[in-house]
Amino acid sequence: MSTFGPSSGEPEEGRKTRPYNPYQDLHVPIKNLYDLPTSPEYLFHEEALKPHRSWGENLQYYTGSGYLAGALAGGARGTLDGLRSAEPGDSLKLRVNRVLNSGGQAGRRLGNSLGIVGLIFAGLESGLVHWRGTDDLLNSVAAGLGTGALYKAAAGPRSAAIAGAIGGIAAAAAVAGKQAVKRYVPI
C-alpha cells in the first residue's frame, strides 16, 4: 500500500508526515557533531607554540597566491586584448580562438612572473625570520626590498634599486593593510 495517492503526490488523508532523521538509530549526538572549535588544532604540541607559518607553508602560500592572482589578471587582460584585436571579417570560431589564445598566453606569462616573485619573497622572509629569530614588520619590508631587487637585478642596478624600493613599500603597505583589517573589520 502506498502512502501517496495515485497521481496527486499528496499523502493519503489521515496520514501525517514527519521529517526524516537519518541519524535517529545511531545514537550520535548530532548537536555536538557540528560544534566546531574556534581555535586552530595541531597534531603536535610543538606546532602550537610557533607563532607563524613554517617556511614550507610560506613558500606554498605566496607562490600559489602569486601565480593565481597573476593568471587571473593576465587572463583578463589577454581576453580584453583578444576582443579588441578582432577583425571585421573574422568568423565566430576565429574570434573565440583568438580570445582564448591571447587570454591563456597573457595569463600564463603574468602568473609565472608573480609566482616567481612570491617564491623569492617567501624564501627571503622565511630566511630573515630564521636568522633574526622574530617575525615582525622589518622582515616583510626587507624581504619585499630584496625581492624587487633580485627580480630586476638583470635589468641593471638602477632598475633593481627602483624595484627594490617598490617591493619594500608594497610589503609595508600589505602588512599595514593586514593590521588595519584585523583591527577595524570584525571577522
Side-chain angles (χ1 to χ4, degrees), residues 36 40-43 47 50 52-131 135-187:
L36 300 175
E41 294 181 351
Y42 296 100
L43 185 59
E47 290 177 344
K50 288 184 177 180
H52 55 83
R53 292 189 296 252
S54 70
W55 70 272
E57 291 168 339
N58 261 353
L59 188 73
Q60 188 174 9
Y61 176 74
Y62 288 125
T63 305
S65 297
Y67 183 82
L68 180 64
L72 290 175
R77 189 187 78 211
T79 299
L80 291 175
D81 289 345
L83 288 171
R84 284 190 206 119
S85 67
E87 297 175 4
D90 289 346
S91 67
L92 178 64
K93 189 174 183 180
L94 188 59
R95 288 180 184 185
V96 168
N97 189 18
R98 182 173 298 176
V99 166
L100 290 175
N101 284 342
S102 63
Q105 182 181 12
R108 195 172 45 249
R109 184 178 295 141
L110 190 58
N112 286 338
S113 296
L114 288 183
I116 292 298
V117 167
L119 180 77
I120 296 169
F121 181 81
L124 288 175
E125 186 182 41
S126 295
L128 286 168
V129 167
H130 180 74
W131 182 58
D135 188 14
D136 58 358
L137 172 69
L138 186 60
N139 290 338
S140 297
V141 172
L145 185 98
T147 298
L150 281 174
Y151 187 73
K152 286 293 187 177
R158 183 169 189 255
S159 295
I162 292 170
I166 291 171
I169 291 169
V175 171
K178 181 180 174 184
Q179 294 300 325
V181 166
K182 276 185 178 179
R183 185 172 183 179
Y184 296 114
V185 177
I187 294 179

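Note that this is a predicted model, so its numbers are computed, not measured. The first residue in the sequence is number 1, and the count goes up from there.
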**OP:** Would you confirm whether Arg95, through its side chain, and Gly82, through its main-chain N or O, come within 3.5 Å as a donor-acceptor pair?
**Re:** no
Taking every heavy atom of Ala172 against every heavy atom of Val141, the minimum-distance pair comes out as CB-CG2, 3.7 Å
Can you tell me if Thr63 uses its side chain to pair, donor with acceptor, with the backbone of Gln60 under 3.5 Å?
no
Rounded to the nearest 0.5 Å, the OG1 atom of Thr147 sits from the CD1 atom of Ile116 at a distance of 11.5 Å
Rounding to 0.5 Å, atoms CZ (Arg84) and OG1 (Thr79) come to a distance of 11.0 Å
Interatomic distance, CG@Leu80 vs CZ@Arg77, rounded to 0.5 Å, equals 10.0 Å
**Message:** Do Leu150 and Leu124 make a side-chain contact, defined as non-hydrogen atoms from C-beta onward lying under 4.5 Å apart?
**Reply:** yes
The reported gap from OG in Ser102 to CG in Asp81 (rounded to nearest 0.5 angstrom) is 6.5 Å
Correct closest heavy-atom pair for Gly144 and Ala171 would be CA-CB, 4.1 Å
- Item | Side-chain heavy atoms of Tyr67 within contact of Asn112, under 4.5 Å | yes
On a heavy-atom basis, the closest approach of Ala106 and Gly78 is CB-CA, 3.8 Å
On a heavy-atom basis, the closest approach of Lys152 and Ala163 is CG-CB, 3.5 Å
For the side chain of Arg98 and the backbone of Ser85, is there at least one donor-acceptor N/O pair under 3.5 Å apart?
-> yes
In this structure, OH of Tyr151 is separated from CG of Leu114 (nearest 0.5 Å) by 7.0 Å
Looking only at heavy atoms, the pair that brings Asn58 and Ser126 closest together is ND2-OG, 3.4 Å
Note: Leu59 and Ala122 closest approach over all heavy atoms is CA-CB, 3.6 Å
